[in-house]
Amino acid sequence: MLLPHYFDHNATTPLSASVLEGMLPWMRVPANPSSRHGYGRSALEALGIARNQLAYALGAEPSEIIFTSGGTEAANLFLKGLASARPAGMLAVSAVEHPCVLKSAKQLQHQGWSVESIEVDEFGRVSSAAFQVAMEKNPRFASVMMANNETGVLQDISTLANVARANGVLFGTDAVQAFGKTPISFRELNRQGVNALWVSAHKVGGPKGIGALVVDKRLDLIPQIAGGGQERGLRSGTENIAAIVGFGLACERFENGVVLNTEYVKTMRNYLEIGLNKMGARIFAQQAERLSNTSFFAFQGIEGETLVSKLDSAGFAVASGSACSSAQPEPSHVLQAMGVEEEFSRGAVRVSLGQGNLLEDVDKFLVTLQITIEHLRSMTAVAVSN
Ligand SMILES: Cc1ncc(COP(=O)(O)O)c(C=O)c1O
């Protein structure tokens, strides 16, 4: 089978061969780190090594790392764990957060919490002024993501964290997309007022189903999964040693805080965007500081879902910007928050490049895209004239 060119690295990345090699032995042995025998002791040791590897990549202390089943669970632990430890009040989240934050916040509304949505500008950025407005409403805690999964827009987390701290508001950030693409130092961020952040292995060449909450130990969090007391009592359940080892090994591939050759990937992305501009695409948030691998765009009058499916048939795996969990795909909430008109937000397509992509593949993609757009436009023209 001829595999399509993979241009969807923000959805998930290919598992690195060296990571898989390192994981395999741990899938075979009976490894429960709580067991008192040799197998258990070696699992405990592997768990400790992986924790150190993560801590090193994130500029954190090993004891600040809480392994979870992924970014989603870590976000749930932060939001619900904080909320459970406090009387109900207000929490503030940006309008462009991943559903793991937005839906956790929504669930908390059933427990008496109110949710303040922090607005973004037309480029998807949370300004410190907009953030200050939200902080003055006295939320108990706030969450703004480091990098957006759709647009790639990077937020100025240090500045926002300082504003949160000045207002006495606890602050967390979703670092799932930023991790591996931009250097992160939890120590430095913590000094600025970030109390917690979360990351996920499958975005950095590691396995799916494993992530971590990196959390200031002074933060009072109520565990959301009760049981045997693993992970300092914050996340019970027998540790998935193979996945944790894989996460640690994925972090070992980091250089200067990133796993991606950002300059190489940025060259390809910029080349792609020159081609897209020539074809008349609207590139969302192009003026904002963004991840070097992400391009989110639309062509007027072309449905994103249709384009993604045509490109898939032509051998290119890209993502559409609509949430298609329901029968009727909803336009992207991120683009809605940026004030993008529906005719464009319905057309949104995301290309997210990775280390394994080649400039010549981007070239082929541009040729295929041009042909596909012309074809779709000619079909619409025929339909209209009929
Ligand atoms: C910004 C962001 N946060 C959280 C998640 C969820 O991470 P996981 O897939 O590990 O649950 C994702 C995954 O798409 C993401 O892009």
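When a ligand or atom number is given, it counts from 1 through the structure's own listing order.
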(message) Heavy-atom pairs closer than 4.0 Å: do any link ligand 1 to the side chain of Lys208, the backbone, both, or neither?
(response) neither
(message) I need the atoms of ligand 1 closer than 4.0 Å to a non-hydrogen atom of Gly70, numbered in the order shown.
(response) 10 (O)
(message) Less than 4.0 Å is my threshold; does some heavy atom of Cys100 fall inside it relative to ligand 1?
(response) yes
(message) Any side-chain to backbone donor/acceptor pair from Thr372 onto Thr368? Under 3.5 Å, distance only.
(response) yes
(request) May I ask you to say whether Arg232 pairs ionically with Glu64, meaning some side-chain N is under 4.0 Å from a carboxylate O? (result) no
(request) Could you tell me which atoms of ligand 1, counted from 1 in the order shown, lie closer than 4.0 angstrom to a heavy atom of Asp174? (result) 1 (C), 2 (C), 3 (N), 4 (C)
(message) Centroid separation under 6.0 Å, is that true for the rings of Phe171 and Phe131?
(response) yes
(request) Please check if any side-chain donor atom of Ser63 sits under 3.5 Å from a side-chain acceptor atom of Lys217, or the reverse. (result) yes
(request) Identify the protein heavy atom lying closest to atom 8 (P) of ligand 1, giving its residue, its atom name and the separation to 0.1 Å. (result) Gly71 N, 3.5 Å
(request) Report yes or no: is the cationic atom of Arg282 (NZ for Lys, CZ for Arg) closer than 6.0 Å to the six-membered ring centre of Phe344, at no more than 45° off its axis? (result) yes
(message) Taking Asp8 first and then Arg350, would you say they form a salt bridge - that is, a charged N and a carboxylate O separated by under 4.0 Å?
(response) yes
(request) Would you mind listing which atoms of ligand 1 come within a distance below 4.0 Å of any non-hydrogen atom of Asn149? (result) 1 (C), 16 (O)
(request) Could you check atom 12 (C) of ligand 1 against the protein and tell me its nearest heavy-atom contact, residue, atom and distance included? (result) His98 NE2, 3.3 Å
(message) Are more than 12 heavy atoms, taken from residues, nucleotides or ligands other than Glu136, located less than 6.0 Å from that residue's CD atom?
(response) yes
(request) Can you sort out which atoms of ligand 1 are near His202, meaning under 4.0 Å from one of its heavy atoms? (result) 8 (P), 9 (O), 10 (O)
(message) With heavy-atom distances below 4.0 Å as the criterion, list the atoms of ligand 1 near Met145.
(response) 1 (C)
(request) Considering heavy atoms of the protein only, find what lies nearest to atom 13 (C) of ligand 1 and give residue, atom and distance to 0.1 Å. (result) Lys203 NZ, 2.9 Å
(message) Aromatic contact between Phe365 and Phe7, with the criterion being ring centroids under 6.0 Å apart: yes or no?
(response) yes
(message) Under a 4.0 angstrom heavy-atom cut-off, which atoms of ligand 1 come close to Thr72?
(response) 6 (C), 7 (O), 8 (P), 11 (O)
(message) Can you name the atoms of ligand 1, numbered from 1 with element, that are less than 4.0 Å from a heavy atom of Ser200?
(response) 8 (P), 10 (O)
(request) Run the numbers for me: atoms of ligand 1, each under 4.0 Å from some heavy atom of Gln177, listed by number. (result) 1 (C), 15 (C), 16 (O)
(message) For the NZ atom on Lys310, are there more than 12 heavy atoms of other groups (residues, nucleotides or ligands in this structure) within a distance under 6.0 Å?
(response) no
